[in-house]
Chemist: 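Quick one: structure below, then a few questions.
In what follows, every heavy atom counts, from backbone to side chain, and hydrogens, waters and symmetry copies are set aside. In each ligand, atom 1 is the first atom listed, and ligand 1 is the first ligand listed.
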Amino acid sequence: MGLILKIFIPLLGLALAYYFYSAPENFNEEMLRGKRVIVTGASSGIGEQMAYHLARMETHLLLTARTEAKLQKVVERCLELGAASARYVSGSMEDTTFPDVVVKEAENTWGGLDMLILNHIGFSHFNYFNGDVEHVRKLLETNFVSYVAMTVSALPMLKESDGSITVISSMAGRIGTPFIAPYSATKFALEGFFSSLRHEFIIEKVNVSITLCVLGYIDTDSAVRAVSHAVWDTPAPKEECALEIIKSGALRQRELYYPPRLVSNLLLLHAIAPDFLDSLIRNNYKLENIRRT
Ligand SMILES: NC(=O)c1ccc[n+]([C@@H]2O[C@H](COP(=O)([O-])OP(=O)(O)OC[C@H]3O[C@@H](n4cnc5c(N)ncnc54)[C@H](OP(=O)(O)O)[C@@H]3O)[C@@H](O)[C@H]2O)c1
Ligand SMILES: *[C@@H]1O[C@H](CO)[C@@H](O)[C@H](O)[C@H]1NC(C)=O
């Protein structure tokens with residue numbers, strides 16, 4: 001108890017003082033007007049919603065995903081909403097040459113880049129791990145290695161603009177949960193890689209911010225289709241989630257938790273009572289609805 005009083009309380013005081021004195025400036029939509037932004041996985045879900053918010057904020061947009069027909073529609077809508085410009089490149093991030101193709105498109109069109117928003121994920125089953133090693137290898141390429149490759153290609157432009165990188169992660173990138181082992185692995189990989197890279201940027205005075213977004217369950221069609229039969233939770237709205245991601249990137253925050261209360265509480269519980277949290281997690285599934293495939 002003495003130790004807690006002597007060390008913990010002053011540390012807490014310091015942490016609070018630091019938190020309040022370094023409170024970030026407020027978000028203002030003007031911050032983004034005219035910025036050149038790449039959004040990956042922008043044909044549906046959270047990526048599509050980010051594109052619409054960014055369009056309203058009058059940014060220049062380069063969107064990417066595999067399905068050309070969907071991207072065309074999203075681009076049209078972005079132009080209606082007020083985007084300074086909007087275009088797309090279609091292709092698969094499973095193709096190791098594609099990340100560079102996307103970044104080159106930005107370079108050729110704009111000659112620079114301000115924000116890189118990495119959001120896409122490849123399809124993965126929600127089920128017991130079935131031993132498919134090849135799937136894990138491919139998913140790592142799509143969900144993780146392509147993020148690294150996009151970052152490497154875009155870095156010269158981002159350095160020049162004092163730009164930002166926003167990486168969409170998940171609770172599953174911080175805490176293990178069942179039935180998504182390959183997906184979870186790719187998100188842990190992102191967290192490790194980009195947290196390490198953030199240190200190096202600071203050490204080397206590279207003024208490119210890295211924001212990691214830790215998301216809970218969001219109401220996108222694909223997520224609802226994959227898990228609604230197996231969990232009790234209600235998903236949070238993708239429109240608000242998309243806006244919070246954009247704000248956190250524009251404010252150059254270290255990380256975003258969304259929904260904030262839920263994610264903070266789970267991470268705190270994970271730190272102080274991991275076994276207890278694990279049992280809560282396992283009790284949260286309707287196991288009878290999950291059949292081995
Ligand atoms: N929704 C949630 O509950 C939730 C929770 C935590 C974290 N997140 C994270 O939030 C992000 C967005 O999730 P979401 O729910 O919005 O997903 P989504 O609706 O399924 O969107 C995924 C996007 O990635 C694209 N994509 C799929 N395979 C691809 C490939 N091989 N190459 C390039 N693009 C590909 C899809 O378009 P095409 O099919 O046209 O390629 C689509 O635009 C992801 O990083 C996800 O991990 C979501
Ligand atoms: C880093 O970039 C941000 C955003 O452009 C800018 O506000 C800040 O002053 C820059 N910091 C340094 C040290 O150049």
Side-chain angles (χ1 to χ4, degrees), residues 24-25 31-32 35 39-51 63-74 88-96 98-99 101-102 114-115 117-124 126 138-147 149-150 158-164 166-175 177 180 182-188 190-191 201-202 205-209 212-228 231 233-239 241-242 244-245 249-252 256-259 262-263:
E25 52 178 324
M31 287 169 130
L32 286 170
K35 297 282 187 212
V39 184
T40 72
S43 67
S44 65
I46 300 165
E48 177 185 358
Q49 297 305 318
M50 287 196 276
L63 309 179
T64 182
R66 290 169 309 174
T67 320
E68 192 165 2
K70 286 197 216 165
L71 286 169
Q72 262 166 5
K73 287 204 180 114
V74 178
Y88 68 85
V89 213
S90 58
S92 174
M93 292 288 179
E94 222 177 88
D95 167 1
T96 58
F98 189 61
V101 170
V102 178
D114 300 294
M115 285 183 108
I117 304 183
L118 299 170
N119 163 76
H120 64 274
I121 44 167
F123 178 76
S124 193
F126 180 85
K138 279 204 180 129
L139 203 66
L140 271 168
E141 187 65 50
T142 308
N143 292 10
F144 169 61
V145 183
S146 72
Y147 280 48
M150 295 274 304
L158 291 173
K159 279 181 178 170
E160 195 157 313
S161 63
D162 287 344
S164 67
T166 306
V167 174
I168 313 307
S169 183
S170 163
M171 281 299 305
R174 296 273 167 104
I175 298 173
T177 55
I180 50 174
Y183 169 80
S184 180
T186 66
K187 293 300 192 188
F188 267 80
L190 286 174
E191 298 265 352
F201 283 4
I202 294 169
K205 299 195 166 53
V206 171
N207 193 14
V208 176
S209 60
L212 279 163
C213 302
V214 183
L215 309 184
Y217 180 25
I218 312 298
D219 68 357
T220 62
D221 293 346
S222 63
V224 170
R225 205 180 310 123
V227 309
S228 60
V231 298
D233 316 81
T234 8
K238 56 181 185 282
E239 297 81 2
C241 175
E244 292 306 312
I245 293 170
L251 293 172
R252 307 172 82 78
L256 166 75
Y257 295 163
Y258 185 89
L262 177 74
V263 173

Chemist: With the threshold set at under 4.0 angstrom, would you say K238 reaches ligand 1 through any of its heavy atoms?
Modeler: no
Chemist: Run the salt bridge (Lys or Arg N to Asp or Glu O under 4.0 Å) test against E191 and tell me which residues pass, sequence neighbours left out.
Modeler: R174
Chemist: Could you see which bit of A223 sits under 4.0 Å from ligand 1, with heavy atoms only: side chain, backbone, both or neither?
Modeler: side chain
Chemist: State which residues pass side chain to side chain donor-acceptor pair (under 3.5 Å) with N119; sequence neighbours excluded, sorted by chain then number.
Modeler: none
Chemist: Does G122 reach ligand 1 with a nitrogen or oxygen that is under 3.5 Å from one of the ligand's nitrogen or oxygen atoms?
Modeler: no
Chemist: For atom 39 (O) of ligand 1, what's the nearest protein heavy atom and its distance?
Modeler: R66 NH2, 2.8 Å
Chemist: When you look for protein heavy atoms under 4.0 Å from ligand 2, which residues do they belong to?
Modeler: D162, N207, R252
Chemist: Heavy atom to atom 22 (C) of ligand 1, shortest distance: which of I121, V224, T64 holds it?
Modeler: I121
Chemist: With a cut-off of 4.0 Å, which atoms of ligand 1 are near a heavy atom of Y217?
Modeler: 3 (O)
Chemist: Ligand 1 versus K187, non-hydrogen atoms closer than 4.0 Å: side chain, backbone, both, neither?
Modeler: side chain
Chemist: Below a 4.0 angstrom heavy-atom separation, can you tell me which part of S222, side chain or backbone, both or neither, approaches ligand 1?
Modeler: side chain
Chemist: So is Y183 close enough to ligand 1, meaning a heavy atom under 4.0 angstrom away?
Modeler: yes
Chemist: Identify, with sequence neighbours excluded, every residue that meets ring pair (Phe, Tyr, Trp, His ring centres under 6.0 Å) alongside F126.
Modeler: F179
Chemist: Out of curiosity, is S169 lining ligand 1, as in a heavy atom under 4.0 Å away?
Modeler: yes
Chemist: Any idea which of G216, S170, A226 brings a heavy atom closest to atom 4 (C) of ligand 1?
Modeler: G216
Chemist: Would M93 and M150 count as a side chain to side chain contact (heavy atoms under 4.5 Å, CB included) here? Give the steps.
Modeler: CA-CA 10 Å; M93 292 288 179; M150 295 274 304; 3.8 Å; yes
